[in-house]
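Lettering follows sequence order; numbering is per chain, from 1. Just so we're clear, the structure is a prediction, and the values are computed from it rather than from any experiment.
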Amino acid sequence: MTVGKQRVAVVGIGQTRHQATRGDVSMAGLVREAAQRALDDAQMTWTDIDAVVIGKAPDFFEGVMMPELFLADALGATGKPLFRVHTAGSVGGSTAIVASQLISAGIHQKVLTVAFEKQSESEAMWALSLPIPFTPPLHAGAGGYFAPHVRSYIRRANAPDHIGILVALKDRQNGLKNPYAHLHEPDISFDSIKDSLMLWDPIRYAETCPSSDGACALVLGSEKVADDAAAEGRKPAWIQGTAMRSEPTLSAERDTVLPLGGALCAADVYRQAGITNPRKDVDCVEMYVPFSWFEPMWLENLGFAEPGEGWKLTEAGVTALDGDLPVNMSGGVLCTNPIGASGMLRFAEAAMQVRGTAGDHQVDGARKAVGHAYGGGSQFFAMWVVGADKP
Amino acid sequence: MRDVAVISFAQTPMRRRVEELNEVEMLMPAVHGALRQVDMTIDDIGFTCSGSTDYLAGMAFSFVSTLDAVGPWPPIQESHVEMDGAWALYEAWVKLQIGEIDTALVYAYAKSSPGDLPMVLSRQLDPITMGPLWPDSVSLAALQARALLDSGKATEADFAEVAARSRRAALANPNAQLAWDCPAADVLAEDYLVAPLRRSDCPPITDGAAAIVLAAGDVARSKVERPAWIRGFDHRIEPIHLGLRDLTVSESTRIAAEAAGVADGPVDVAEIHAPFSHQELIVRDALVLGADTSINPSGGALAANAMMTAGLVRIGEVANRIASGEARRGVAHATSGPCLQQNLVCVLEGE
C-alpha cells in the first residue's frame with residue numbers, strides 16, 4: 001500500500017437501456033447489464049476487479065432491505081470487498097466518489113462501481129412523501145417539496161415564465177440523441193410543454209423527470225491501469241477533483257434556492273481541478289435537474305453565473321448542445337431518472353464527453369467536464385471534474 | 001499506510017426498547033459524548049460518516065433526519081452507508097488514508113423495537129427465491145448451528161459455554177442489556193427456541209447508538225495518551241444463498257483476517273460480532289485465535305445487539321482496552337447478512 005493521494009481514472013463505462021418498467025430483467029439482471037458493459041468497455045472480466053462499490057436510494061423503492069447482500073453474487077463480489085453507499089439523491093455521485101477513494105488511497109487498483117434503481121417495483125412518489133413524526137405531511141412527492149424553492153427562485157431572479165419550458169425542450173431534444181435515454185419524444189415542442197398539465201405550480205408535467213428502471217456502472221483504475229488503457233488506444237477520463245457536502249434539512253440559516261453546501265462543494269472541486277473561472281474553464285456540464293427550473297438554479301449555485309443571472313444563459317442558448325457551455329448533453333434527469341443511478345449517470349456522461357465516446361451527444365473537443373448530483377431537500381451534494389488530461 | 005487511530009468511543013446504554021426518544025435524541029449522547037471526551041466539536045471534524053438502515057426506521061431517507069444530531073452547519077463533508085457503522089468507519093479510514101483530512105466522526109444507530117426484527121431481516125433475502133418463504137433470522141441461524149453440530153466441530157455444550165461466558169463478562173459492562181452469572185448447564189437445561197438454538201444462544205433485540213472519533217498521526221497523539229492505531233483493515237462478502245456456502249466456516253472472515261494481518265502478532269483481545277453463540281466458534285476459527293486471547297470481554301452481541309451498531313461497538317470496545325493499557329494488540333470483527341455472509345476485520349494496536 002502506497003502513501004498519499006494516487007491518481008484515478010474512469011476506464012470503463014456502462015449503462016442499461018432505461019425505461020419505466022424493465023420487466024425483462026430482475027434487479028440482479030439490471031445491475032449486471034450495466035456492469036458487464038462497463039467491464040467490456042474496460043476490456044476486463046469480473047475476476048480483474050478488486051472491489052465493488054454499489055449505491056442506490058431508499059431500499060423501500062424495491063422492497064429489499066440492503067439489497068447489495070443478495071446482489072453480491074451477481075456483482076461478482078464473492079470473496080471480495082462489497083461496499084454500499086446511500087446518500088439520498090446524490091448517491092450515484094457519492095458512490096462513484098467513494099469508489100475512487102479506494103484507489104486514490106492506494107488500497108485497490110481496479111474498482112467496479114454500480115448504481116441502480118428499479119422504480120417499477122414500487123411507487124416512488126409515495127416513498128418520497130415521508131411521514132416524519134411531528135412534521136406536517138406533504139403527500140406530494142419531490143415535486144411538491146421543490147416547487148416552493150422554484151417559485152422563490154423565479155421571484156428572486158425575476159425570471160420569465162418560459163425558462164423552465166426552454167430547459168425541458170432542450171433536455172428532451174438532447175435525449176433523442178441518447179439511445180439509452182428513457183424518454184424519446186420526437187414530437188415535443190415549446191407549446192406541447194406549455195400546454196401540459198400544471199402539477200405543482202410552476203412545474204408542469206413535461207418539466208418533470210420520469211420514473212425509471214435503470215443502472216449505471218463505471219470501472220475505475222489506478223494511474224497504471226489508466227496508462228495501460230491509454231497505450232492501447234482507450235482514452236481514460238482522469239478524475240481531477242471530487243467533493244461532497246451535506247447540510248441540515250431544516251435550519252434557519254439555509255438558503256434552499258442557492259444552498260451553501262452546493263456552492264462549497266463546487267468551490268472545493270474546482271480548486272482541486274485548477275478551475276478558476278468555471279464558465280470559461282469547463283467545456284460541458286451534466287447536472288442533476290429533476291425539474292426544469294433547476295438548470296438556472298444550479299448554474300448559479302455552481303458558479304457558472306452570478307445569482308439571478310442563470311436563466312439568461314438558458315434563454316440565450318448557452319446551455320444548448322451547440323452552445324458555449326452545454327448542459328445535460330445526455331438529456332439529463334429530465335429524460336432518465338432511476339433515482340439511485342441518476343447521479344452516476346451524470347458522472348458517467350461527463351467522463352464519456354472527455355473520452356470522446358458520447359456519440360451523437362458528443363460536445364466537440366470536450367476536455368474538461370463537470371458531473372453534479374444532489375439529494376435530500378437540496379442538502380446533499382456530490383461533484384467531480386474529469387478531464388482528458390492527467391492531473 | 002498512514003497512522004490512523006481510534007481516539008474516542010461512546011455508546012448509549014443498550015436497551016430492549018427506547019420508546020421515549022426518537023432516533024436523533026437517542027443518538028445525540030453518543031455523538032456528543034465521543035466528541036466531548038476528546039474536547040472536540042463538529043467544527044474540528046474533517047469527515048463524518050454514518051451507518052443505519054431505513055428498514056428498521058420504517059421510512060425512506062431516515063438517515064437524513066438523524067444527521068441533525070451532528071448539527072451540520074456550516075455544511076460538512078459527510079457520507080452514509082446502508083451498512084453497520086463498522087463499514088462507515090472503514091470509509092472514514094480510507095478517506096483519512098488519502099491524507100487531506102486528519103479527523104473523522106463515525107456513528108451508527110438503530111431502533112429495532114418498533115418492528116418484528118427476525119421477520120424484518122428476512123427482507124434482506126433474495127426477493128424471488130427466498131424472500132417469499134419469510135424465513136426469519138433465528139431459523140436461518142439455527143440451520144447454520146445444525147450444520148456445525150453435524151460437522152462434529154462443536155457441540156450444544158460448546159454453544160452454551162459461549163452463551164454463559166458472554167453474559168458473565170457483560171456484568172462488567174455498564175452498557176450491556178443482558179448480563180447474568182449462570183453455569184452453562186443452566187443454558188443447556190433451557191427448551192429450544194428454534195432447535196438446536198436455545199433462547200440464551202440468541203442475541204437480545206436492542207435499541208442503541210454508538211460513535212467513534214478517528215484521528216491521524218500527531219493529531220491523535222495530541223488528543224490522547226494511548227491512541228488505538230488501526231494496523232490492518234479489510235472486509236469481504238460471500239453469496240447470500242446458504243446452499244452456495246459451507247456454513248460451518250467463514251471464508252470471508254478468513255480472507256479479511258489474512259489481509260488485515262491478524263496473524264502478524266499476538267492478539268490480546270478479540271471482540272467478535274457473533275449474534276448467535278455458535279457463530280462465535282466459527283469466527284474464532286476463521287480468525288485463528290489462540291487460547292490466550294480474551295474473547296468478547298464486553299459480552300459481545302449476545303449481551304447487546306443494536307443493529308447496524310454492534311459491529312462499530314466491537315471496534316470501540318477493543319480501542320478502549322488498548323487505550324486503558326489492558327491490551328496491546330486486539331482484533332475487532334463485524335458481520336452483516338444472514339449466517340455471517342459479510343465480515344469485516346480490524347486490527348488495532350497501542351504504541
Side-chain angles (χ1 to χ4, degrees), chain A residues 1 3-5 26-27 57-70 72-73 77-88 94 97-98 101-102 104-107 127-128 130-133 243-251 253-254 259-261 264-265 376-377 379-381, chain B residues 1-2 22 48 53-56 59-65 67-68 70-83 87 90-91 93-100 120-121 123-128 130-131 234-241 244 251-252 255-256 336-338 341-342:
Chain A
M1 194 171 149
V3 175
K5 191 171 185 173
S26 63
M27 258 179 273
D59 295 356
F60 286 114
F61 281 179
E62 290 85 6
V64 181
M65 177 184 188
M66 300 157 74
E68 64 280 4
L69 294 170
F70 98 89
D73 205 15
T78 298
K80 295 175 184 177
L82 174 67
F83 203 85
R84 160 71 193 283
V85 180
H86 177 15
T87 63
S94 46
I97 291 174
V98 170
Q101 288 170 348
L102 293 172
S104 53
I107 295 165
L128 290 168
L130 308 184
I132 300 173
M244 286 162 66
R245 287 296 185 280
S246 308
E247 61 183 66
T249 316
L250 299 169
S251 167
E253 302 95 327
R254 285 194 73 209
L260 181 58
L264 292 176
C265 189
Q379 68 193 112
F380 299 106
F381 303 91
Chain B
M1 189 188 294
R2 191 179 186 210
N22 66 23
T48 300
T53 173
D54 283 347
Y55 256 80
L56 294 173
M59 75 178 226
F61 300 115
S62 57
F63 69 92
V64 174
S65 318
L67 184 58
D68 284 351
V70 170
W73 190 266
I76 61 171
Q77 295 197 54
E78 186 263 348
S79 188
H80 171 264
V81 299
E82 200 85 355
M83 307 178 87
W87 277 266
Y90 183 84
E91 182 177 333
W93 173 77
V94 169
K95 187 103 177 155
L96 284 158
Q97 289 302 316
I98 297 169
E100 291 172 343
V120 172
L121 289 174
R123 299 305 85 202
Q124 289 182 332
L125 303 168
D126 185 311
I128 295 168
M130 291 167 79
D234 199 88
H235 65 96
R236 303 283 160 155
I237 197 165
E238 296 173 55
I240 200 166
H241 289 283
L244 292 175
E251 180 64 6
S252 50
I255 302 171
S336 177
Q341 186 199 352
Q342 187 177 26

Those residues that, when tested against A:E62, pass side chain to side chain donor-acceptor pair (under 3.5 Å) (two or more places apart): A:K56
Without swapping roles, check the side chain of B:Q342 against the backbone of B:S336 for a donor-acceptor pair under 3.5 Å. no
Does a side-chain heavy-atom distance below 4.5 Å link B:Y55 with B:E82? no
Most contact-rich option vs chain B, by heavy-atom pairs under 4.5 angstrom, among A:L82, A:T78, A:T249, A:V85, is A:L82
Applying a strict 4.5 Å limit to non-hydrogen atoms, the region of A:L69 in contact with chain B is both
Report which part of B:L96 has an atom under 4.5 Å of a heavy atom belonging to chain A: side chain, backbone, both, or neither. neither
Quick one: which of A:P259, A:C265, A:G63 has the most heavy-atom pairs under 4.5 Å with chain B, could you say? A:G63
Results of side chain to side chain donor-acceptor pair (under 3.5 Å) for A:S26 - residues two or more places apart only: none
Check whether B:R123 reaches the backbone of B:G131 with its side chain - one donor and one acceptor, N or O, closer than 3.5 Å. yes
Side chain, backbone, both or neither: which part of B:I76 has a non-hydrogen atom closer than 4.5 Å to chain A? both
Decide yes or no for B:T48 and B:P72: does some side-chain heavy atom of the first lie under 4.5 Å from some side-chain heavy atom of the second? no
Are B:I240 and A:D73 packed together at the side-chain level, in the sense that at least one heavy-atom pair is separated by less than 4.5 angstrom? no
What part of B:I255 gets closer than 4.5 Å to chain A, counting heavy atoms only: side chain, backbone, both or neither? side chain
Under 4.5 Å from any heavy atom of chain A - which part of B:T53: side chain
Considering only heavy atoms and a distance below 4.5 Å, find which of B:I237, B:V94, B:L56 pairs most often with chain A. B:I237
Between A:V98 and chain B, with a heavy-atom cut-off of 4.5 Å, which part of the residue counts as in contact: side chain, backbone, both or neither? side chain
Test item: B:Q97 side-chain N/O and B:R2 main-chain N/O as donor-acceptor pair under 3.5 Å: yes
Using a cut-off of under 4.5 Å for heavy-atom pairs, which of A:A72, A:P81, A:G261 has the most such pairs with chain B? A:P81
Is chain B contacted by the side chain of A:F381, its backbone, both, or neither, given a heavy-atom distance below 4.5 Å? neither
Answer with side chain, backbone, both or neither: which region of B:V120 has an atom nearer than 4.5 Å to a non-hydrogen atom of chain A? both
So what's closer than 4.5 Å to chain A heavy atoms on B:D126: side chain, backbone, both or neither? both
Do A:M27 and B:P127 have side chains that approach each other closer than 4.5 Å (heavy atoms only, starting at C-beta)? yes
Checking heavy atoms, do the side chain of B:Q124, its backbone, both or neither come under 4.5 Å from chain A? both
Considering only heavy atoms and a distance below 4.5 Å, find which of B:S62, B:S79, B:A256 pairs most often with chain A. B:S79
For B:Q77, is it the side chain, the backbone, both, or neither that has a heavy atom closer than 4.5 Å to a heavy atom of chain A? both
Answer yes or no: is there a donor N or O on one side and an acceptor on the other, between the side chain of B:H80 and the main chain of A:H86, under 3.5 Å? yes
Find the one option among A:E253, A:Q379, A:M244 whose heavy-atom pairs under 4.5 Å with chain B are most numerous. A:E253
Distance flag, aromatic centroids of B:Y90 and B:W93, threshold under 6.0 Å: yes
Between A:G79, A:P67, A:A57, which shows the greatest number of heavy-atom pairs under 4.5 Å with chain B? A:G79
